[in-house]
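This one's a predicted model, so the numbers in the text were calculated from it and none came from an experiment. Below, each value reflects all heavy atoms present in this structure, side chains not excepted, and no hydrogens, waters or symmetry copies.
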Amino acid sequence: MIADLAALPADALRAELLAPNGPYTALDVLDRTGSTNTDLAAAAREGAPDRTVLIAEEQTAGRGRNTRSWVSPARAGIHVSVLLRPAGVPVARFGWLMMLGGVVVQRVLSGLCAVDAVLKWPNDLLVGPDRAKCCGVLAEAVGGSSPAVVLGIGVNVHQRADELPVGPGGLPPTSLALQGADCLERDRILVELLRELDFAERQWREHSGDPVRSGLVEQYRQVCGTLGQRVRVELPASGGATRFLLGVAEDVDDDGRLVVRTADGSAQPISAGDVIHLRPATHPG
């Protein structure tokens with residue numbers, strides 16, 4: 001596939017996205033790496049500045065939630081990580097950056113690429129009538145004298161069906177090409193993603209990371225396709241045991257937790273767990 005797909009134009013991306021023309025301070029494009037998040041976290045510990053961007057044409061050890069790994073063919077997708085140092089935001093609110101990244105991706109791919117896209121709590125983008133996974137978002141905190149977050153975004157753009165592994169819980173995979181997206185130009189998608197991310201993160205930062213005052217939690221609720229679904233949640237448990245929770249996903253609360261209404265009528269807030277969509281909830285009348 002690599003011979004058929006154009007490389008990203010690194011110089012053009014820098015010209016458009018780096019100061020003084022753009023909002024970012026540094027941008028590099030690698031031919032190949034294990035994980036852009038790992039590389040950028042190391043750079044953060046060495047003092048890399050706020051709004052440093054790292055992009056890779058190919059990842060061989062990309063990371064997702066719960067230490068899962070994944071790979072992607074060269075030049076087939078978007079693999080980008082952004083280093084953010086949200087001065088004035090309490091570290092306890094840094095976790096909202098993963099959900100902010102999800103809102104940004106949903107907005108850009110719905111608009112620019114014209115795909116039907118929703119978020120699966122907390123960090124997957126599902127597209128098309130089959131609600132297949134097209135994108136994942138991961139935020140990782142980096143400690144030190146100046147705390148930071150590395151926000152990683154991976155988008156399947158050109159992959160064929162045989163190049164896409166099935167995700168956790170049997171979640172079907174897809175790509176923008178398989179969905180007939182209006183835009184498959186990776187550089188154009190990257191520019192839109194990074195500009196929208198800058199705008200959204202600055203708004204969140206100006207409100208000290210408050211998800212309510214910045215409007216982030218309401219924006220997330222509006223595009224969260226998990227809400228209204230019957231779900232099975234695999235919960236972390238001690239001793240290697242697995243515990244499941246069944247119910248209807250009713251809300252995402254102001255702490256970013258998924259609120260699940262169980263059969264006994266109780267509302268259970270979930271802060272961590274693997275969510276599987278079963279089918280939409282039905283209501284009488």
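- When all heavy atoms are compared, the tightest approach of Tyr220 to Pro122 is OH-O, 3.0 Å.
- Two residues are said to be in side-chain contact when any heavy atoms from C-beta on lie closer than 4.5 Å; Pro23 and Arg195 meet this criterion.
- The only member of Thr36, Val80, Val82 that meets side-chain contact (heavy atoms from CB on, under 4.5 Å) when paired with Ile153 is Val80.
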Residues 45-53, side-chain donor-acceptor partners within the protein, below 3.5 Å, at least two apart:
from: Asp50; atom 1: OD1; to: Arg85; atom 2: N; distance (Å): 2.8
from: Asp50; atom 1: OD1; to: Arg205; atom 2: NH2; distance (Å): 3.3
from: Asp50; atom 1: OD2; to: Arg205; atom 2: NH1; distance (Å): 3.1
from: Asp50; atom 1: OD2; to: Arg205; atom 2: NH2; distance (Å): 3.3
from: Arg51; atom 1: NE; to: Asp198; atom 2: OD1; distance (Å): 2.9
from: Arg51; atom 1: NH1; to: Glu201; atom 2: OE1; distance (Å): 3.2
from: Arg51; atom 1: NH2; to: Asp198; atom 2: OD1; distance (Å): 3.2
from: Arg51; atom 1: NH2; to: Glu201; atom 2: OE1; distance (Å): 2.6
from: Thr52; atom 1: OG1; to: Pro49; atom 2: O; distance (Å): 2.7

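- In this structure, the side chain of Arg75 engages the main chain of Leu5 through a donor-acceptor pair within 3.5 Å.
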Worksheet item: Under the salt bridge (charged side-chain N to carboxylate O under 4.0 Å, His left out) criterion, do Arg221 and Asp253 qualify, and how do the steps go?
Response: CA-CA 9 Å; Arg221 289 174 181 139; Asp253 69 14; over 6 Å; no

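- In this structure, Asn37 and Gly152 approach most closely via the heavy-atom pair OD1-CA, 3.2 Å.
- The CZ atom of Arg261 lies 4.5 Å from the CD atom of Glu250; values are rounded to the nearest 0.5 Å.
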Kindly list each side-chain donor-acceptor pair under 3.5 angstrom involving residues 91-105, sequence neighbours excluded, with atom names and distances?
from: Arg93; atom 1: NH1; to: Ser208; atom 2: O; distance (Å): 2.8

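- Judged by distance alone, with hydrogens and angles left aside, the side-chain atoms of Asn123 form a donor-acceptor pair with the main-chain N or O of Val137 at under 3.5 Å.
- Remark: the backbone N or O of Pro269 is not paired with any side-chain donor or acceptor of Arg257 at under 3.5 angstrom.
- Considering only heavy atoms from C-beta on, Gln219 stays 4.5 Å or farther from Gln106 through its side chain.
- The nearest pair of heavy atoms linking Gln159 to Pro73 is CG-CD, 4.1 Å.
- If you take CG on Asp124 and CG on Leu171, they are separated by 6.5 Å, rounding to the nearest 0.5 Å.
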Practice prompt. Would you check, one step at a time, whether the test side-chain contact (heavy atoms from CB on, under 4.5 Å) holds for Leu17 with Leu190?
Written response: CA-CA 10 Å; Leu17 290 168; Leu190 264 168; 5.8 Å; no

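- The main-chain N or O of Ala177 is never found under 3.5 Å from a side-chain atom of His158 such that the two would form a donor-acceptor pair.
- One distance of note links CD of Glu218 with CD of Gln222; it measures 5.0 Å at 0.5 Å rounding.
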Discussion item. One pair to check against side-chain contact (heavy atoms from CB on, under 4.5 Å): Ile189 and Cys183. What are the steps and the verdict?
Written reply: CA-CA 8 Å; Ile189 296 170; Cys183 178; 4.0 Å; yes

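- The minimum heavy-atom distance linking Leu193 with Val155 is given by the pair CD1-CG2, 4.4 Å.
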Worksheet item: Asn156 and Thr174: side-chain contact (heavy atoms from CB on, under 4.5 Å), yes or no, with the steps?
Response: CA-CA 7 Å; Asn156 298 331; Thr174 192; over 6 Å; no

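- The shortest distance between side-chain heavy atoms of Leu119 and Leu126 does not fall below 4.5 Å.
- Hydrophobic side-chain contacts under 4.5 Å tie Leu164 into a cluster, directly or through other members, with Leu178.
- The minimum heavy-atom distance between Pro129 and Gln179, with the atom names listed, is CD-OE1, 4.3 Å.
- Heavy-atom contacts from other residues, nucleotides or ligands closer than 6.0 Å to CZ of Arg243 number 12 or fewer.
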Worksheet item: Going through the distances and angles, do Ser266 and Asp264 end up as a side-chain hydrogen bond (donor to acceptor under 3.5 Å, both in side chains)?
Response: CA-CA 6 Å; Ser266 63; Asp264 65 5; 2.7 Å; yes

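- One hydrophobic cluster, built from ILVMFWY side chains closer than 4.5 Å, cannot hold both Val260 and Phe244; they sit in different ones.
- The side chain to side chain contact (heavy atoms under 4.5 Å, CB included) check on Thr226 picks up Lys120, Trp121, Cys224, Val231, Ala249, Leu258, Val275, His277, with sequence neighbours excluded.
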Practice prompt. Please step through side-chain hydrogen bond (donor to acceptor under 3.5 Å, both in side chains) for the pair Gln268 and Thr262, ending with a clear verdict.
Written response: CA-CA 7 Å; Gln268 302 288 330; Thr262 60; 4.9 Å; no

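- Other residues sharing a hydrophobic cluster with Val150 under the 4.5 Å side-chain heavy-atom criterion for ILVMFWY residues are Leu30, Leu40, Leu54, Leu83, Val142.
- Within the structure, salt bridge (charged side-chain N to carboxylate O under 4.0 Å, His left out) pairs that include any residue of residues 23-43 comprise Arg14-Asp28, Arg32-Glu58 (at least two apart or interchain).
- Atom CZ of Phe199 sits in a sparse spot, with 12 or fewer heavy atoms from other residues, nucleotides or ligands closer than 6.0 Å.
- With Glu57 contributing its side chain and Leu8 its backbone, the two residues share a donor-acceptor pair below 3.5 Å.
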Discussion item. Using side-chain contact (heavy atoms from CB on, under 4.5 Å), reason through Ile55 and Leu13 one step at a time and then give a plain yes or no.
Written reply: CA-CA 11 Å; Ile55 301 164; Leu13 289 172; 4.3 Å; yes

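- The minimum heavy-atom distance between Ala114 and Asp182, with the atom names listed, is CB-OD2, 3.3 Å.
- By the rule that hydrophobic residues join a cluster once side-chain heavy atoms approach within less than 4.5 Å of another member, Val259 and Val217 end up as members of separate clusters.
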